[in-house]
Amino acid sequence: MGRAVPELPDVEGYRRVLAEHAVGRRVRQVRVTDSGVLHGVSPAGLDRALRDRRFTEPARHGKWLLAHTDGPTLLLHFGMTGSLHWAEEDQPVHRHDRVLVRTDGGELRYRDMRKLQGLRLAHTDDEVDRVLAELGPDAAAVDVDEFVDRLAARRRAAVKAVLTDQAVVAGLGNLLADEILWRAGVHPATGTGALDRARLGRLHREMRAVLARAVPAGRVPDRPGWLTGRRDDPTGACPRCGGPLARTRLAGRTTVWCPVCQPE
DNA sequence: GACGGTGTTGAGTC
DNA sequence: TGACTCAACACCGT
């Protein structure tokens with residue numbers, strides 16, 4: 001665990017860490033071992049804001065985790081390498097544990113090797129909204145009509161780039177986008193304008209299906225029959241047709257697809 | 001020891 | 001408008 005790049009299902013898993021362990025607990029102390037992960041707040045300010053506050057039901061939007069309390073809200077983003085762990089205080093601290101939130105019954109640990117994103121603090125609902133302002137609807141919640149409308153509005157762009165654009169729908173990363181496109185039989189470089197409503201609807205259906213399986217697992221599973229898991233094998237074969245997979249760089253990311261199942 | 005690859009996000013350029 | 005590069009960062013394999 002903690003290996004995969006965090007996408008919506010992973011962050012949902014971290015939300016469950018909060019929901020199962022932190023809700024109802026009172027913050028005793030916040031320790032920051034690397035202030036490079038804090039944005040807009042100092043280590044002392046974070047401790048001051050959260051100390052004696054009680055965690056309430058957490059939420060998630062896209063790849064953002066919202067750790068609500070009976071005071072301010074801590075917003076966490078996991079970048080490429082972040083994770084969230086619940087530990088007993090005497091458990092050894094990992095070298096990449098950057099923020100430790102000690103409560104009256106265990107410790108919440110924000111771990112991140114590369115500090116590409118990090119933590120923000122919001123004192124009001126308005127401040128929370130401001131952080132999330134540029135995001136589209138959550139990928140696990142958006143209905144088919146809105147999904148189709150939002151993709152269709154970006155008709156000239158490659159569908160892979162649109163799916164991973166957090167302003168269109170929030171939560172999909174590189175692995176999920178490739179998995180969804182592969183399942184839907186859509187070539188990743190296709191302009192969304194070239195996709196009719198039926199194809200866009202198919203993308204929505206596959207997105208929901210992939211998320212329905214990945215969210216309970218807390219990750220994009222690399223089980224047989226999924227594209228994920230074959231993608232790191234240079235001689236990987238398509239789980240559907242057995243043919244060789246293709247790989248290229250699209251929108252700045254490694255993109256894997258099947259030339260047979262996903263024709264141009 | 002240097003370098004390229006890894007992929008999220010935002011800034012900047014064409 | 002979209003495609004592109006770079007920079008942030010740390011680690012790994014070559």
Side-chain angles (χ1 to χ4, degrees), chain A residues 1-14 32-41 60-66 75-84 93-99 109-120 130-136 138-140 149-182 187-195 214 219-220 222 227-234 236 245-257 264:
Chain A
M1 281 290 281
R3 289 278 319 131
V5 173
E7 303 186 50
L8 188 156
D10 308 78
V11 180
E12 183 61 23
Y14 303 143
V32 178
T33 63
D34 189 328
S35 60
V37 299
L38 299 187
H39 298 275
V41 63
R60 180 194 55 74
H61 189 98
K63 302 178 191 177
W64 279 97
L65 178 58
L66 283 60
L75 294 101
L76 305 93
H77 195 294
F78 300 92
M80 286 180 64
T81 54
S83 56
L84 194 66
V93 172
H94 189 277
R95 56 190 294 227
H96 297 136
D97 286 342
R98 315 290 191 187
V99 178
R109 296 176 176 175
Y110 173 80
R111 184 176 303 173
D112 196 14
M113 183 182 72
R114 300 166 71 176
K115 298 164 284 184
L116 294 182
Q117 296 296 324
L119 275 50
R120 294 172 186 278
R130 235 168 284 153
V131 175
L132 307 179
E134 303 301 314
L135 297 179
D138 188 78
D149 286 347
R150 297 184 73 90
L151 262 70
R154 297 281 304 277
R155 50 198 331 280
R156 303 183 70 90
V159 62
K160 164 78 181 272
V162 176
L163 283 177
T164 52
D165 185 342
Q166 303 301 297
V168 177
V169 289
L172 305 181
N174 201 38
L175 293 192
L176 278 172
D178 281 358
E179 187 73 45
I180 291 161
L181 289 166
W182 174 75
H187 190 283
T190 313
T192 53
L195 297 169
R219 55 179 303 198
V220 185
D222 56 0
L227 179 67
T228 309
R230 303 288 183 95
R231 61 180 298 125
D232 291 332
D233 178 3
L245 294 171
R247 73 181 53 234
T248 185
R249 230 172 151 72
L250 206 155
R253 280 108 140 191
T254 302
T255 299
V256 177
W257 81 98
E264 294 229 36

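Below, chains carry the letters A, B, ... as their sequence lines are ordered, and counting in each starts from 1.
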What integer distance in Å separates A:D165:CG from B:dG7:P?
-> 18 Å

Can a side chain N or O of A:T81 be found less than 4.0 Å away from OP1 or OP2 on C:dA10?
-> no

Could you check which of B:dT6, C:dA3, B:dT8 has an atom nearest any side-chain atom of A:R249?
-> B:dT6

Taking only the side-chain nitrogens and oxygens of A:R98, find out if one of them lies under 4.0 Å from OP1 or OP2 of C:dC9.
-> no

Look at the aromatic rings of A:F78 and A:Y110 and report parallel, tilted or perpendicular, splitting at 30° and 60°.
-> tilted

Nearest to the side chain of A:M113, which nucleotide is it out of B:dT8, C:dA10, B:dT6?
-> C:dA10

How is A:A158 classified with respect to the nucleic acid when contacts are heavy atoms under 4.0 Å: base, sugar-phosphate, or nothing?
-> sugar-phosphate

Please report the closest heavy-atom contact between A:T254 and A:R231, naming both atoms and the distance.
-> O-NH2, 3.3 Å

Taking DNA chain C as the partner, which of residues 149-157 of chain A come within under 4.0 angstrom of it by heavy atom?
-> A:R154, A:R156, A:A157

Between A:W257 and A:H187, what is the ring plane arrangement, given parallel below 30°, perpendicular above 60°, and tilted in between?
-> perpendicular

Scan side-chain atoms only and decide if A:T81 and A:D112 contain a donor-acceptor pair under the 3.5 Å cut-off.
-> yes

Report yes if at least one side-chain N or O of A:H96 is closer than 4.0 Å to OP1 or OP2 of C:dC11; otherwise report no.
-> yes

C1'-based separation of C:dT5 from B:dG4 [nearest Å] = 16 Å

Dot-bracket summary - DNA chain B, pairs being Watson-Crick or G-U whose distances fall under 3.5 Å, with | when paired to another strand | .|||||.|||||||

Between B:dG1 and C:dA8, how far apart are the C1' atoms? Round to whole Å, please.
-> 23 Å

Give a yes/no on whether any side-chain N or O of A:K115 is located under 4.0 angstrom from OP1 or OP2 of C:dA8.
-> no

Side-chain contact test, heavy atoms from C-beta onward, threshold under 4.5 Å: evaluate it for A:T255 versus A:D178 and give yes or no.
-> yes

Considering only atom P, compute the distance from B:dG7 to C:dG2 and round it to an integer number of Å.
-> 24 Å

If you look at every strand shown and take non-hydrogen atoms under 4.0 Å, does A:G173 touch a base, only sugar-phosphate, or nothing?
-> sugar-phosphate

Heavy-atom nearest pair, A:L176 first then A:P9, reads CD1-CD, 3.7 Å

Mark up nucleotides 9-14 of chain B, 5' to 3', with B wherever a protein heavy atom is under 4.0 angstrom from a base atom, S wherever such an atom reaches only the sugar-phosphate, and - elsewhere.
-> S-----

